[in-house]
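Atom set for the values below is all heavy atoms of this structure, side chains included, hydrogens, waters and symmetry mates excluded.
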Amino acid sequence: MLSRVKAAYGWYRAFRRTRPFWGGVWLVAGGWTVLKFSLSSLQLIVSTGFGGVAGYLVGGGMILCGLIPIALPAQRYTFGLIGTVLAVVSLVVSNLGGFLLGMTLGVLGGSMLVGWGARRPRRGAVDGVVCGAVDRTADRTVEG
């Protein structure tokens with residue numbers, strides 16, 4: 001049983017480190033906050049028109065923009081920017097962006113998505129050369 005838990009934690013850790021995980025989590029948390037503070041009865045939403053639906057659309061869009069880069073890390077720039085724009089728009093359309101908390105979490109998560117980069121291997125590990133030891137044989141020219 002303990003070996004399964006260790007294996008599952010190892011898989012989760014590798015999954016988390018190869019994707020913009022924390023940026024997606026913060027953006028989803030911001031979207032959920034905006035969505036939570038936008039909740040009201042269906043009758044009120046229908047009577048208010050687009051103003052009532054906008055909070056649902058922005059909050060749901062922020063949640064989607066946080067989940068997609070976790071599944072497809074190559075799309076982090078696009079959905080990070082869209083999520084950040086939606087977070088700023090939530091300030092206007094949804095109770096001050098979830099009373100500023102949802103907007104702040106969304107901007108933080110979107111910027112983390114845009115700024116995330118895959119972990120690069122060390123320079124010496126790529127070439128198989130120990131750092132500091134350089135092969136200069138290729139620099140010599142043969143004159144003849």
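- Cluster membership for L27 and V85, using ILVMFWY side-chain heavy atoms within less than 4.5 angstrom, is shared.
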Return a table of donor-acceptor pairs under 3.5 angstrom between the side chains of residues 61-76 and protein atoms on other chains or two or more places apart.
unit_1: R76; atom_1: NE; unit_2: W116; atom_2: O; d: 2.9
unit_1: R76; atom_1: NH1; unit_2: P73; atom_2: O; d: 3.3

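- Residues passing the side chain to side chain contact (heavy atoms under 4.5 Å, CB included) test with V25 are F21, W22, sequence neighbours excluded.
- Under the 4.5 Å side-chain heavy-atom criterion for Ile, Leu, Val, Met, Phe, Trp and Tyr, L96 and L105 are members of distinct hydrophobic clusters.
- Among residues two or more places apart in sequence or in another chain, the ring-ring contact (aromatic ring centres under 6.0 Å, His included) test is passed with Y77 by none.
- No continuous path of hydrophobic side-chain contacts links V28 to L81 [ILVMFWY only; heavy atoms under 4.5 Å].
- Residues passing the side chain to side chain contact (heavy atoms under 4.5 Å, CB included) test with R13 are Y9, R16, R17, sequence neighbours excluded.
- In this structure, F99 belongs to a hydrophobic cluster whose other members, linked by side-chain heavy atoms under 4.5 Å apart, are F37.
- Here the closest non-hydrogen pair linking V93 and A54 is CB-CB, 3.8 Å.
- By the rule that hydrophobic residues join a cluster once side-chain heavy atoms approach within less than 4.5 Å of another member, L113 and I82 end up as members of one cluster.
- When the side chain to side chain contact (heavy atoms under 4.5 Å, CB included) test is applied to T18, no partner is found at least two apart in sequence or on another chain.
- To the nearest 0.5 angstrom, L35 atom CG is 11.5 Å from S90 atom OG.
- Residues satisfying the side-chain hydrogen bond (donor to acceptor under 3.5 Å, both in side chains) criterion with T33, sequence neighbours excluded, are absent altogether.
- The side chain to side chain contact (heavy atoms under 4.5 Å, CB included) search around L100 returns L91, M103, not counting sequence neighbours.
- Taken together through direct or relayed side-chain contacts under 4.5 Å among Ile, Leu, Val, Met, Phe, Trp and Tyr, M112 and L101 form part of one hydrophobic cluster.
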